[in-house]
Amino acid sequence: LAHTVIRTSIRSNRLQLQVSVRNDGALPFDGELLAQVQTGAQAGPDLPQRKVRLAPGQAATLNLDAPWSNYVAWSPVNPHLYELDLLLSYGRVVDATRERLGFREVWMEGHRVLLNGQPQRWYGEWAHKAHAHWLRPAYIRHWYQQLRDLNMNYARHHKLPYHQDYLEIADEMGILV
């Protein structure tokens with residue numbers, strides 16, 4: 001499992017995955033890809049299982065698509081997250097990964113930005129953090145909590161490619177980036 005792109009659509013009630021796989025071994029690979037969304041008690045999307053056949057050194061992208069209508073939509077006031085498990089098997093599980101996702105969709109209608117079909121007013125600040133503590137998850141949580149305490153809902157990260165922790169913690173805390 002090399003890379004996963006997750007797309008959610010409120011307008012079409014769908015979950016779409018693009019899963020990149022690569023055979024770094026010396027032998028051909030003939031297995032299966034299984035994708036499951038952990039939803040707790042409610043039923044999740046029924047993602048199809050995919051056959052995977054790769055020659056040594058070969059890579060491929062697999063597309064999985066499923067309807068999903070009983071999701072809980074992610075928003076700044078309800079930052080609900082799901083976990084997506086991807087399992088690559090060849091008689092047994094040979095690779096596995098877990099990705100988190102919030103079911104949401106952003107689009108424009110005229111001059112309005114919509115999140116899950118609702119017009120948005122975003123309040124926040126820009127960030128150019130350049131001190132010794134800016135990469136610590138505890139610092140990121142503290143900064144985002146300060147934004148929440150001031151009724152802000154977004155952060156604009158400036159200039160640098162910020163660490164993945166900034167995005168993951170923003171997802172957890174309901175901060176738009």
Side-chain angles (χ1 to χ4, degrees), residues 1-22 31-54 59-90 93-124 140-141 144-145 147-148 151-157 161-177:
L1 297 168
H3 181 70
T4 304
V5 175
I6 302 168
R7 290 193 176 98
T8 56
S9 176
I10 297 285
R11 292 178 284 182
S12 63
N13 290 324
R14 296 198 79 73
L15 173 64
Q16 297 174 319
L17 307 175
Q18 290 179 338
V19 182
S20 298
V21 294
R22 185 179 60 239
E32 293 182 327
L33 174 67
L34 176 65
Q36 298 174 319
V37 177
Q38 304 302 322
T39 60
Q42 73 188 47
D46 187 20
L47 290 158
Q49 203 165 350
R50 289 280 191 249
K51 284 290 220 184
V52 181
R53 288 194 174 105
L54 298 170
T61 299
L62 306 170
N63 295 306
L64 290 83
D65 186 346
W68 190 9
S69 59
N70 65 336
Y71 53 81
V72 176
W74 183 98
S75 73
V77 295
N78 183 22
H80 187 85
L81 295 173
Y82 293 98
E83 292 181 333
L84 168 69
D85 290 329
L86 297 167
L87 306 169
L88 193 60
S89 65
Y90 183 62
V93 174
V94 294
D95 199 0
T97 189
R98 176 170 278 178
E99 301 278 346
R100 290 193 315 174
L101 69 114
F103 203 99
R104 63 188 149 216
E105 187 174 11
V106 177
W107 68 90
M108 297 287 299
E109 283 186 10
H111 68 283
R112 301 177 94 172
V113 177
L114 304 179
L115 171 65
N116 304 334
Q118 302 299 313
Q120 297 295 299
R121 289 196 179 263
W122 294 345
Y123 302 97
I140 299 166
R141 287 182 197 287
Y144 285 163
Q145 187 58 54
L147 295 178
R148 300 297 319 193
N151 294 316
M152 295 181 181
N153 57 5
Y154 91 93
R156 177 179 168 244
H157 297 168
Y162 278 73
H163 192 272
Q164 186 68 23
D165 286 346
Y166 274 86
L167 300 176
E168 291 177 9
I169 294 170
D171 266 355
E172 292 171 13
M173 296 184 70
I175 299 292
L176 296 153
V177 176

Would you give the length of the straight line joining atom [atom1] of [X] to atom [atom2] of [Y], rounded to the nearest 0.5 angstrom?
X	Y	atom1	atom2	result
I6	L84	CD1	CG	5.0 Å
L17	N63	CG	CG	9.0 Å
D165	I140	CG	CD1	5.0 Å
H80	D171	NE2	CG	12.0 Å
L47	W68	CG	CH2	8.5 Å
Q164	I169	CD	CD1	10.5 Å

Testing L64, V93, L87 for side chain to side chain contact (heavy atoms under 4.5 Å, CB included) with L34, which one passes? L87

Can you tell me if [X] uses its side chain to pair, donor with acceptor, with the backbone of [Y] under 3.5 Å?
X	Y	answer
Q120	Q118	yes
R100	E168	yes
N153	V77	no
Y82	V72	yes
N116	W74	yes

Residues W122, L176; criterion side chain to side chain contact (heavy atoms under 4.5 Å, CB included); working and verdict: CA-CA 8 Å; W122 294 345; L176 296 153; 3.2 Å; yes

Can you confirm whether more than 12 heavy atoms, excluding those of D46, are under 6.0 Å from its CG atom? no

Tell me, with the steps shown, if R104 and L115 meet side chain to side chain contact (heavy atoms under 4.5 Å, CB included). CA-CA 7 Å; R104 63 188 149 216; L115 171 65; 4.1 Å; yes

Checking D85 now: which residues fulfil salt bridge (charged side-chain N to carboxylate O under 4.0 Å, His left out) with it, not counting sequence neighbours? R98

I'd like to check the salt bridge (charged side-chain N to carboxylate O under 4.0 Å, His left out) partners of D95; sequence neighbours left out, ordered by chain and number. none

Are [X] and [Y] side-chain neighbours, meaning at least one heavy-atom pair lies under 4.5 Å?
X	Y	result
Y90	V52	no
T4	Q18	no
I10	Y71	yes
T61	V5	no

When you look at I175 and R148, which way does the side chain to side chain contact (heavy atoms under 4.5 Å, CB included) test go after all the steps? CA-CA 8 Å; I175 299 292; R148 300 297 319 193; 3.4 Å; yes

Going by the salt bridge (charged side-chain N to carboxylate O under 4.0 Å, His left out) test, which pairs reach into residues 2-13, not counting sequence neighbours? R11-E105

Working note: L54 + R22, criterion side chain to side chain contact (heavy atoms under 4.5 Å, CB included); need CA distance, chi angles, decisive distance, verdict. CA-CA 7 Å; L54 298 170; R22 185 179 60 239; 5.7 Å; no

Heavy-atom closest pair (A155 atom, Y144 atom, distance to 0.1 Å) is CB-CE2, 4.1 Å

In terms of heavy-atom contacts, P45 and P67 come closest through CB-O, 3.8 Å

